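To start, the structure itself, in structure tokens.
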There are 2 protein chains.
Amino acid sequence: MEEPLGRGLTPKARRTRERILEAALELFADRGYEATTMRDVAREAGASLGLAYRYFASKEEFALALYMGLAEESEEWARDGLAAGTVAERFEWAMLVKLDQVSSHRGPLAALLARALDPNSRLSALGEGTAGVREKMGGVFLKVVSGASDAPREKQARELGNVLYALHLAILLYWFHDKTPEARATRELVGSARETLRYLRPALRLPPMSRVLSRLAGALNDIGMNTTGPSRGEPRRA
Amino acid sequence: MEEPLGRGLTPKARRTRERILEAALELFADRGYEATTMRDVAREAGASLGLAYRYFASKEEFALALYMGLAEESEEWARDGLAAGTVAERFEWAMLVKLDQVSSHRGPLAALLARALDPNSRLSALGEGTAGVREKMGGVFLKVVSGASDAPREKQARELGNVLYALHLAILLYWFHDKTPEARATRELVGSARETLRYLRPALRLPPMSRVLSRLAGALNDIGMNTTGPSRGEPRRA
DNA sequence: TCTCATAAATGAACACGTTCATTTTTGTTG
DNA sequence: CAACAAAAATGAACGTGTTCATTTATGAGA
């Protein structure tokens, strides 16, 4: 994914891209991600196979475009829909909103996540291909923390934001495996996360727990999970 | 994977299976997992393409067989190589041994993990196809906990063992993305995990932290991540 | 309107994982 | 040894994601 949306494209190209993306998402919703072939997508969009590949480098790129759309929604919501409260409460809200958002897109997102966790994939959650989404969603969790009533100051807030971003990925991973109706198990897990955050929050003032957080954030940074821009924040060491 | 090893097979079949597996692992080590085709494997083993599929239902099955072998090694090591110490220390040792073990098999294991995290895959970490490895490695971490000098009693020990098993998967996931030489970042992360366990261990006696652990273990159980046998331990609810 | 470079679009071809109808080998029984 | 069922082995064929050489449209400048 070069740009958040098809910027730098001719109007005609943008329309075509949009048409193909719509066809893809519709088919995914109908028959599922795996069962939808690239040829199906092209036919449905009234385009040729090659054309689909002109705008989307791979099948998973459709899923990435979908997730990018959701991330943009999240960003808007975080800007003016996020109520006041503690870090724990705001994290829970953000996650519940995310779960609602994501609930009707299991198939494509599962395929995306599988690739996102593969370091070799062009769509690795840590690679360049996903820097856009990472920044967007990372920003959301930074806001969750920094706007909270019990927000830590500067440095720790950034660390906590990053860790919560990672936690959000872990919870989504859990959700993919959650077969309970309405994702009840996942919602309970989110509740547990809220409780745990509430219980541990005071301990963040103490050096041992503060160090744990720093190390965790440092570890994420070391493998390139930085939500603060594409090339900034190089690993601490070679 | 039906059986830990090719049990229930004719001697000839077992030999053939072994020959094909060896060819596969050798090629994976040489040119990498993705770059090795099933046709390559068959040719190298002096077999036909179809024959390879007679013994391995898919390409990833090779990786699963590899991991099964490693899990067996781990089990033996846990039986008589695991020194006395606290849960925190023993967990660190187990992870460091695992990292050494795994260090020369990045490619195939990365491919396996990508599938293992995909709920739809036959090789999902939570599915039947992987029950064998899960039991083996789960048993290792149960032993890590229950044999420790500061082991909690019965129920909590089982919970902690399961959570550490899950943590071990998370750390392996981290390792796949770790580009530092000798997996230095991962080793540091393991050190941090040891510190954190040491710091939090006493809190497990207190109700709030004990509840956190129970919930976490329950959450894992809810999605079928049970290391205590194939069909036992059904989800707590529909 | 004509020219022509650039963008858009095409679809045949490829590679690779996987399937399966068929053939060959093996071992057992009379 | 002959007959034959079961196991082992074969390789052609298929589906699908992806590539790319080629063709067709578009629009700006003369």
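Values reported hereafter were calculated over all heavy atoms of this structure, with side chains retained and with hydrogens, waters and symmetry mates removed. What you see is a predicted model; the values in this text were computed from it and never measured. A, B, ... follow the sequence lines: proteins, then strands. Residue 1 opens every chain.
Residues B:Ala193 and B:Phe91 share a closest heavy-atom pair of CB-CE2, 4.1 Å. Here the shortest heavy-atom pairing between B:Gly132 and B:Met68 reads C-CE, 4.0 Å.
One interatomic measurement links the two molecules: CZ of B:Arg39 to P of D:dA13, which rounds to 13 Å at whole-angstrom precision. Between the CZ atom of A:Phe62 and the P atom of D:dT16 there is a distance of 16 Å, given to the nearest Å. Here D:dG15 presents its P atom at 15 Å from NZ of A:Lys59, a figure rounded to the nearest Å. Distance CZ (B:Arg14) to C1' (D:dA7): 15 Å, rounded to an integer number of Å. Counting to the nearest Å, the P atom of D:dG15 and the CG atom of A:Asp40 are 13 Å from each other. Atom CG in A:Leu123 sits roughly 15 Å away from atom P in D:dG17 (whole-Å rounding). When the P atom of D:dT16 is taken as reference, atom OH of A:Tyr53 falls 12 Å away, rounded to whole Å.
Distance from the side chain of A:Met38 is smallest for D:dG17 among the nucleotides D:dG17, D:dA12, D:dA8. Ranking D:dG17, D:dA9, D:dA7 by closeness to the B:Lys12 side chain, first place goes to D:dA9.
Both A:Thr37 and A:Leu51 lie near DNA chain D, and the one whose nearest nucleotide falls closer to the 5' end is A:Thr37. Place A:Arg54 and A:Leu49 on DNA chain C by their nearest nucleotides, and A:Arg54 ends up nearer the 5' end.
Note that B:Lys136 lies outside the cation-pi zone of B:Tyr67, set by a 6.0 Å cut-off to the ring centre and a 45° limit from the axis.
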Under the criterion side-chain contact (heavy atoms from CB on, under 4.5 Å), I'd like the reasoning laid out for A:Met225 against B:His177: C-alpha separation, chi angles, the key distance, then a yes or no. CA-CA 10 Å; A:Met225 178 171 280; B:His177 291 270; over 6 Å; no
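Within the 4.0 Å cut-off from OP1 or OP2 of D:dA8, not a single side-chain nitrogen or oxygen of B:Thr16 is found. Applying the 4.0 Å criterion to OP1 and OP2 of D:dT26, one finds that A:Thr10 has every side-chain N and O outside that range.
In summary, A:Asp178 and A:Arg106 do not engage in a salt bridge, as defined by a charged side-chain N under 4.0 Å from a carboxylate O. A salt bridge links A:Asp40 with A:Arg43: the distance from a Lys NZ or Arg NE/NH1/NH2 to an Asp or Glu carboxylate oxygen falls below 4.0 Å.
When each of B:Trp175, B:Phe141, B:Tyr174 is checked for a ring pair (Phe, Tyr, Trp, His ring centres under 6.0 Å) with B:His168, only B:Phe141 meets the rule.
Bracketed by its first and final contacts, the part of DNA chain C lying under 4.0 Å from non-hydrogen atoms of chain B reaches from C:dC16 to C:dT26 in 5' to 3' order.
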